Amino acid sequence: MKFNKIFSIFVVLLFSVAAVATAENVVTLTEETEAITLADGDVLTGTGGANTHVTIADGASVILSGVTIAATTCDDDHKWAGLTCLGNATITLADGTTNTIKGGHYYYPGIYVAEGYTLTIEGNTGILVASSNVNEYDQTYGAGIGGGRSIDCGNITINGGVINATGGYQAAAIGGGGYSSYGSITINGGTITAIGGEESAGIGCGNQGHVQYDYDSDGMPIISNITITGGTIIATGGEYYGSDGGAGIGVSGTNGECGDITISGGNIKATGGSGAAGIGCGYCEYGYSVCGNITISGGTIEATGGEGAAAIGCGDMDSEHGGYEGCKSITITSDIAKLQAVKGTSALDCIGRSVASKSACGSVTIGGVTYWHQEYEEYGFVSDGEYQNGGVETGAISVETFVTFPYTVAYDANGGTGTMESTTMMAGLAKQLTECSFTRTNYVFAGWNTESKGSGTAYADKAEVKDLTTTAGATVTLYAQWGLTVTAQADPYTSSTYYATFYDSTTSYVADCEVYYASAKADGTLTLVKADSNIVKAGEGVILKATKETVTLSPTNTSASYDSLLKGSNSETSVTNALVLSLGGDGVRFYKYSGSVGANKAYIAQ
């Protein structure tokens, strides 16, 4: 008993020590909280007041657990963001909590990271609501997460959490503020809603924003790239009274720039404002609106362009002002799950250019096929572009709504031998089937069919096909069709002693001559076998051997039991490379024939 009491006291003391150690890392905001700096391991909670100014130490990882920072005063004495990262920082959103962060001054973002540093956001079910503050005139100019008006920002990485970010006037929801530069934006996960402010992108560039460069590396590459590998994302570009729209993901309205946009995963819905692409460039009023290469190699994507803009690529441009509107290459690979691209009203292309005389775009390649090509350099047209591989004729990039997804065509030897690699197809785009390399002894390849016995849809060897399925990721199997090997030669004979004939499928006939039908041997050769009777079976192709010029066939109810390999029709039929009957000194042969086969005449189809 004494031992149990001692053990109980020990457990209580142990948990008390643990509670004290945990409590030491909890920082609780109150109305009176002013300037504080969070250290590594701190857990921030509570509601701040009018003068709350929170910074995160360089290199620190902190947890937000039910925080509200929304300064009620945003004058010149409150020039700070809701949260300011003094260097590299990691913010984790505690599960089950909602955290609302607004900037202090209306020029500042909700959460700010300085140029040259990286902010990383982690979380699962924790929620972050981030925006700039609003002054007494209902004005707000900062990004939700990123930079402020004329305030350059650093890199942003989002790995998880539920994030609702809203940009102020001329500021992106996630990215740059107006008249400022921004670093890289990387999204690997999370559920994100990003609503850009007027004339700004949802994710990317603020109005008249510009990229940053890595001056320490050879060639000084652009840092301001947007990379998305996962997550569920809704990104909407803002517009100003129905004009000057920013892209959902990419460049702001009026003018601006961003680096490469690379998407390899996620479930993404990107909508451009008026005159802006869903993914790519914004509306260009003057100056320039340019972005780098756009590569989409994974994920489910829905991109919608604003009026006059492509869904993916270029935005519209003011015809009264000079400038440049363009992007580099656009590449969409067959690794995507599904893509739907809807161009804006009056736009030229769904993927690529907006208006012929006012936009430039490098190569547009989908599923390995290039549909548009133009040599384009930053801020300049190098050559006239041209559609390729049916870019317009097939509607590949010029349709109003383009839906594509990968599917697979598999090849089945169906009794033959050999192997063939499957072909990856893209819905909405035509592609040639692989040439058959299967073989079968004593048989000739006679094309493909969706059914093994040839009762489905037939396709010729190397046929150009399109939309063989409506199911993303499906596999369509084509079965090789085989014909018997028959000696083919020119027709040197004129004798009419043998007749190949076919009659309708409802009546049997009695012939006043011998009846033969075609039979295949095990070695694949074709021979003629005399029927046990002179009955022509209903719907049967047979060969009649007559000793006179006229053959008489009389209807009968008696049925025959044999089957023929011959085909025929009750009406005249057009054939290509069919095998038709001929008589020679050494017996019956067949020869290749293309043209019209008369009614009731039998033949062997290729």
Side-chain angles (χ1 to χ4, degrees), residues 296-300 331-339 365-371 388-391 393-396 402-488 518 520-526 565-567 574-579 590 592 594 603-606:
I296 302 176
S297 60
T300 299
T331 303
I332 300 170
T333 76
S334 58
D335 296 316
I336 63 170
K338 186 174 182 179
L339 169 70
T365 302
I366 306 173
V369 180
T370 298
Y371 293 96
Q388 298 178 352
N389 298 306
E393 295 85 349
T394 63
F402 174 70
V403 178
T404 191
F405 52 79
Y407 64 94
T408 301
V409 174
Y411 302 97
D412 190 303
N414 197 23
T417 59
T419 58
M420 288 182 63
E421 294 290 333
S422 298
T423 301
T424 299
M425 300 282 187
M426 298 292 289
L429 303 174
K431 188 173 182 179
Q432 192 177 63
L433 296 174
T434 303
E435 182 177 7
C436 180
S437 61
F438 296 136
T439 59
R440 186 177 180 184
T441 304
N442 295 318
Y443 284 80
V444 292
F445 177 68
W448 303 102
N449 200 284
T450 54
E451 298 292 337
S452 60
K453 295 184 179 180
S455 59
T457 304
Y459 300 99
D461 196 18
K462 298 189 294 183
E464 189 172 78
V465 299
K466 180 179 178 182
D467 294 336
L468 300 189
T469 181
T470 58
T471 303
T475 296
V476 178
T477 301
L478 296 182
Y479 298 88
Q481 302 298 297
W482 301 103
L484 291 168
T485 302
V486 180
T487 303
K521 291 184 177 180
D523 63 2
T525 60
L526 188 69
L565 297 175
L566 303 180
K567 294 184 177 181
S574 179
V575 297
T576 301
N577 287 336
L579 298 173
F590 294 87
K592 285 187 177 180
S594 296
Y603 61 91
I604 298 177
Q606 185 185 42

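Here the structure is a predicted model, which is why all the values come from computation and not from measurement.
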Criterion side chain to side chain contact (heavy atoms under 4.5 Å, CB included) on Phe445 and Asp461, from CA distance to verdict: CA-CA 9 Å; Phe445 177 68; Asp461 196 18; 3.6 Å; yes
Chi angles and distances behind the side chain to side chain contact (heavy atoms under 4.5 Å, CB included) call for Glu451, Thr477: CA-CA 8 Å; Glu451 298 292 337; Thr477 301; over 6 Å; no
Interatomic distance, Ser297 atom OG to Ile332 atom CD1 [nearest 0.5 angstrom]: 10.5 Å
Stepwise side-chain hydrogen bond (donor to acceptor under 3.5 Å, both in side chains) test for Thr417 and Thr439: CA-CA 5 Å; Thr417 59; Thr439 59; 3.2 Å; yes
Sequence neighbours left out, cut at 3.5 Å: what donor-acceptor pairs do the side chains of residues 405-414 make with other protein atoms?
{"from": "Tyr407", "atom 1": "OH", "to": "Asp467", "atom 2": "N", "distance (Å)": "3.3"}
{"from": "Tyr407", "atom 1": "OH", "to": "Leu468", "atom 2": "N", "distance (Å)": "3.2"}
{"from": "Tyr411", "atom 1": "OH", "to": "Thr423", "atom 2": "OG1", "distance (Å)": "2.8"}
{"from": "Tyr411", "atom 1": "OH", "to": "Thr434", "atom 2": "N", "distance (Å)": "3.1"}
{"from": "Asp412", "atom 1": "OD1", "to": "Asn414", "atom 2": "N", "distance (Å)": "2.7"}
{"from": "Asn414", "atom 1": "ND2", "to": "Ser452", "atom 2": "O", "distance (Å)": "2.9"}
{"from": "Asn414", "atom 1": "ND2", "to": "Ala480", "atom 2": "O", "distance (Å)": "2.8"}

Inter-residue atom distance Met426.CE - Thr333.OG1, 0.5 Å rounding: 7.0 Å
Value rounded to 0.5 Å, distance of OG1 in Thr475 from CE in Met425: 12.0 Å
Heavy-atom side-chain proximity of Asn449 to Leu478 below 4.5 angstrom: no
Asp335 side-chain N/O to Gly298 backbone N/O, donor-acceptor pair under 3.5 Å: no
Validation row: Thr404, Lys338 side chains within 4.5 angstrom (heavy atoms): no
Euclidean distance, Lys431 NZ relative to Ser334 OG, rounded to 0.5 Å: 7.0 Å
Verdict with reasoning, Trp448 to Thr457, per side chain to side chain contact (heavy atoms under 4.5 Å, CB included): CA-CA 8 Å; Trp448 303 102; Thr457 304; over 6 Å; no
Distance-minimising heavy-atom pair for Ala337 and Ala472: O-CB, 3.9 Å
Residues Leu429, Tyr371; criterion side chain to side chain contact (heavy atoms under 4.5 Å, CB included); working and verdict: CA-CA 10 Å; Leu429 303 174; Tyr371 293 96; 3.6 Å; yes
Whether Glu464 side chain and Lys462 backbone form a donor-acceptor pair below 3.5 Å: no
Minimal non-hydrogen separation, Gly416 against Arg440, with atom names: CA-CB, 4.1 Å
